[in-house]
**Student:** 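Sharing a structure with you now.
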Amino acid sequence: MRVAYTLEQCWHRVPGGTAQAALEVASELRHCRELELVGVAARHGQPPPGAFRPSIPVRQLPFPRNVLYEAWHYGGWPPVQRATGPVDLIHVTGVAMPPKSAPLVVTVHDLAFVHDPSRVTKHGKRFFERALALAVQRADLVLCSSEATARDCKQAGFDADLLRLVPLGVRAGVPTPAEVADARRRYGLHRPYVLWTGTVEPRKNLPVVVEAFRKLDRSDVELVLVGPEGWHTDLERLVRPIADQVHALGFLPRQDLERVMAGASVFCFPSLLEGFGLPVAEAMAQGTPVVTSAGTSTEEVAGGAGLLIDPHDPADVAAALTRVMDDAAEAERLSAAGRKRAAELTWERTARLTVQAYREVAA
């Protein structure tokens, strides 16, 4: 079975979790003998950043991204086959929807723009709404990263019979104590710290993280923020009241991120909405106790192995952080439970469920 596999998000300014997930699944699918995956992207003069370079061949269509997206969404052209040649199936792993020139499998990680359209630009809202409408019309099968996303898809108009739950996985190295100590030294992390990771944007809920940290009122603890700049959040202004206790490290290479995660006293992730919540899985894989949002997909990921809080209540978040940092037995319980839970979240399973979806559509 020859599959066209969209990978344009690897070239986005902030590739994010959708690119990471697509690349991890593609890497696993390479081992399936019945499949041949061919990546599809717009025209680019350079490959994507090293961390987001695909392990499968990528064929480029003869248009830059902005032209390609408009042509796909409003002109129904060009077909992916112009770059890939004949295919049996198209798997849309990002948001932009190509014309249906073969059976179509669509992955939906989240519908954040539906929950709060004010947090995207006017152009972004138009783009997402058009992509969603086309996906509802064209998809033969829809892969949802979480039950929360599946519920959103039903409400957005997808046929419930076409939805398949395909949770994501986690792949993490296990740094040695010496490697963790080295990372802490290089990044100036000399005291115990609360860690948050993600793209700096509104739904990641950084204001509540900062306010919860302020409520701790502890001079012996620092707040470490890891992730690229995003949109609609002035990080410098946000952390100004506690600037002397904050380390904003920006984007970190995967190896360093794992080491910084492993060294944290607690991982704080009160996101308002996620398609899955890869950072929660990554922290649990390092044995770092997790505090995350109740009633969201990250509750599904935590699977009983984290402390759940009201993401709108800084006092509730602060109480959970205090509970972890002041109770060594509780921290150890969460650490062990997190490692066990993370071991259940594998990209091999994600790939296996994806292949099942391909077979179903092809049949």
Side-chain angles (χ1 to χ4, degrees), residues 170-200 204-206 208-216 218-228 235 239 242 244-271 274 277-293 298 301-302 305-309 311 314 317-342 345:
V170 62
R171 192 190 312 277
V174 182
T176 65
E179 290 169 336
V180 173
D182 175 68
R184 294 189 62 167
R185 176 188 57 77
R186 285 188 288 112
Y187 290 107
L189 310 179
H190 304 301
R191 289 182 285 182
Y193 58 91
V194 175
L195 176 67
W196 172 92
T197 71
T199 301
V200 179
K204 302 300 183 178
N205 207 19
L206 259 178
V208 165
V209 175
V210 172
E211 183 59 26
F213 187 83
R214 289 183 65 183
K215 287 181 177 296
L216 293 180
R218 293 176 58 158
S219 60
D220 61 328
V221 178
E222 296 177 321
L223 176 62
V224 177
L225 309 176
V226 175
L235 181 60
V239 304
I242 55 170
D244 60 337
Q245 288 182 269
V246 175
H247 294 267
L249 304 183
F251 177 82
L252 293 185
R254 169 59 50 183
Q255 191 175 71
D256 280 2
L257 175 60
E258 291 172 350
R259 295 172 182 181
V260 170
M261 270 189 167
S265 298
V266 56
F267 180 66
C268 183
F269 197 72
S271 180
E274 295 290 321
L278 281 172
V280 169
E282 291 166 346
M284 291 192 301
Q286 297 301 336
T288 302
V290 166
V291 171
T292 194
S293 305
T298 60
V301 176
L307 296 184
L308 302 178
I309 46 81
V317 179
L321 296 177
T322 300
R323 178 177 166 187
V324 175
M325 291 186 292
D326 289 352
D327 188 337
E330 176 70 346
E332 182 57 35
R333 181 190 73 80
L334 290 169
S335 176
R339 289 185 190 276
K340 182 177 180 181
R341 171 58 176 157
L345 303 172

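These values consider heavy atoms only, across backbone and side chains, with no hydrogens, waters or symmetry-generated copies.
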**Student:** Is the backbone N or O of Val226 less than 3.5 Å from a side-chain atom of Thr197, with the two atoms forming a donor-acceptor pair by type?
**Tutor:**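 Not a single qualifying donor-acceptor pair exists.
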**Student:** Start with the C-alpha gap between Glu274 and Val280, add the side-chain angles, then the distance that decides, and say whether side chain to side chain contact (heavy atoms under 4.5 Å, CB included) holds.
**Tutor:** CA-CA 11 Å; Glu274 295 290 321; Val280 169; over 6 Å; no
**Student:** With a 4.5 Å heavy-atom cut-off, do Leu307 and Val266 have their side chains touching?
**Tutor:**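 SC-SC contact between Leu307 and Val266 ruled out.
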**Student:** Kindly indicate whether the side chain of Thr288, heavy atoms from C-beta on, has any atom under 4.5 Å from the side chain of Leu195.
**Tutor:**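 Counting from C-beta outward, Thr288 and Leu195 never come under 4.5 Å.
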**Student:** Measure the spacing between OG of Ser293 and CG of Leu308 and express it to the nearest 0.5 Å.
**Tutor:**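 Answer for the OG-CG pair, Ser293 versus Leu308, is 8.5 Å.
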**Student:** At their closest point, which heavy atom of Ala318 faces which heavy atom of Lys215, and how far apart are they?
**Tutor:**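 Shortest heavy-atom contact: CB-CB, 3.9 Å.
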**Student:** Just wondering, are more than 12 heavy atoms of other shown residues or ligands nearer than 6.0 Å to CD in Gln255?
**Tutor:**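 No - once you tally the heavy atoms of other residues, nucleotides and ligands closer than 6.0 Å, there are 12 at most.
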**Student:** Output the distance between atom CG (Leu278) and atom CZ (Arg171), rounded to the nearest 0.5 Å.
**Tutor:**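 The CZ atom of Arg171 is 11.5 Å from CG of Leu278, to the nearest 0.5 Å.
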**Student:** Got a second to check how far Leu257's CG is from Glu282's CD, nearest 0.5 Å?
**Tutor:**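 Leu257 atom CG to Glu282 atom CD measures 6.0 Å (nearest 0.5 Å).
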**Student:** Once ring pair (Phe, Tyr, Trp, His ring centres under 6.0 Å) is applied, do any residues pair with Phe213, and if so which ones, sequence neighbours excluded?
**Tutor:**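 By the ring pair (Phe, Tyr, Trp, His ring centres under 6.0 Å) rule, Phe213 matches no residue at all.
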**Student:** Thr199: which residues meet the side-chain contact (heavy atoms from CB on, under 4.5 Å) condition with it, sequence neighbours left out?
**Tutor:**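 Thr199: side-chain contact (heavy atoms from CB on, under 4.5 Å) contacts with Val14, Glu201, Pro228, Trp231.
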**Student:** Less than 4.5 Å apart, any side-chain heavy atom of Val209 and any of Pro270?
**Tutor:**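 Answer yes - side chains close enough.
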**Student:** How long is the span from the SG atom in Cys268 to the OH atom in Tyr193, to the nearest 0.5 Å?
**Tutor:**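 Result: 14.5 Å between the selected atoms.
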**Student:** So, the side chain of Gln286 versus the backbone of Gly173: is there a donor-acceptor pair under 3.5 Å, distance only?
**Tutor:**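 Yes, Gln286 side chain to Gly173 backbone: donor-acceptor pair under 3.5 Å.
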**Student:** From Arg259 CZ over to Leu189 CG, what is the distance, rounded to the nearest 0.5 angstrom?
**Tutor:**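 One finds 13.5 Å between CZ of Arg259 and CG of Leu189.
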**Student:** Do you know which two heavy atoms are closest between Asn205 and Pro311, and how far apart they sit?
**Tutor:**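 Taking Asn205 first and Pro311 second, the nearest heavy atoms are ND2-O, 2.7 Å.
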**Student:** Passes side chain to side chain contact (heavy atoms under 4.5 Å, CB included), Phe269 versus Val290? Steps please.
**Tutor:** CA-CA 8 Å; Phe269 197 72; Val290 166; 5.7 Å; no
**Student:** Using the test side-chain contact (heavy atoms from CB on, under 4.5 Å), find all partners of Asp326 that sit at least two apart in sequence or belong to another chain.
**Tutor:**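 Asp326 satisfies side-chain contact (heavy atoms from CB on, under 4.5 Å) with Arg218, Thr322 only.
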**Student:** Could you pull out the closest heavy-atom pair between Pro253 and Tyr187, with the gap in Å?
**Tutor:**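 Reported closest heavy-atom pair: CD-OH, 4.4 Å.
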**Student:** Determine the minimum heavy-atom distance between Ser335 and Gly287, stating which atoms define it.
**Tutor:**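 Looking at all heavy atoms of both residues, the closest pair is OG-O, 2.6 Å.
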**Student:** Which heavy atom of Ala331 sits nearest to which heavy atom of Val324, and what is that distance?
**Tutor:**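 For Ala331 and Val324, the tightest heavy-atom pair comes out as CB-O, 3.7 Å.
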**Student:** If every non-hydrogen atom of Met325 is compared with every non-hydrogen atom of Ser265, which pair is closest and at what distance?
**Tutor:**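 The pair with the smallest heavy-atom distance is CG-CB, 4.4 Å.
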**Student:** Is it the case that the side chain of Thr298 and the backbone of Gly277 share a donor-acceptor pair, with hydrogens and angles ignored and the cut-off at 3.5 Å?
**Tutor:**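 Flag not set: sc Thr298 to bb Gly277 has no pair under 3.5 Å.
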**Student:** Is there a side chain to side chain contact (heavy atoms under 4.5 Å, CB included) between Val170 and Val301 once you walk through the steps?
**Tutor:** CA-CA 11 Å; Val170 62; Val301 176; over 6 Å; no
**Student:** If you measure from CE on Met261 to CE on Met284, what distance do you get to the nearest 0.5 Å?
**Tutor:**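 Going from CE on Met261 over to CE on Met284, the span is 10.5 Å.
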**Student:** State which residue, out of Arg191, His190, Gln245, fulfils the side chain to side chain donor-acceptor pair (under 3.5 Å) condition with Glu222.
**Tutor:**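 When Arg191, His190, Gln245 are each tested with Glu222, the side chain to side chain donor-acceptor pair (under 3.5 Å) holds only for Arg191.
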**Student:** Start with the C-alpha gap between Leu223 and Ile242, add the side-chain angles, then the distance that decides, and say whether side chain to side chain contact (heavy atoms under 4.5 Å, CB included) holds.
**Tutor:** CA-CA 9 Å; Leu223 176 62; Ile242 55 170; 4.2 Å; yes
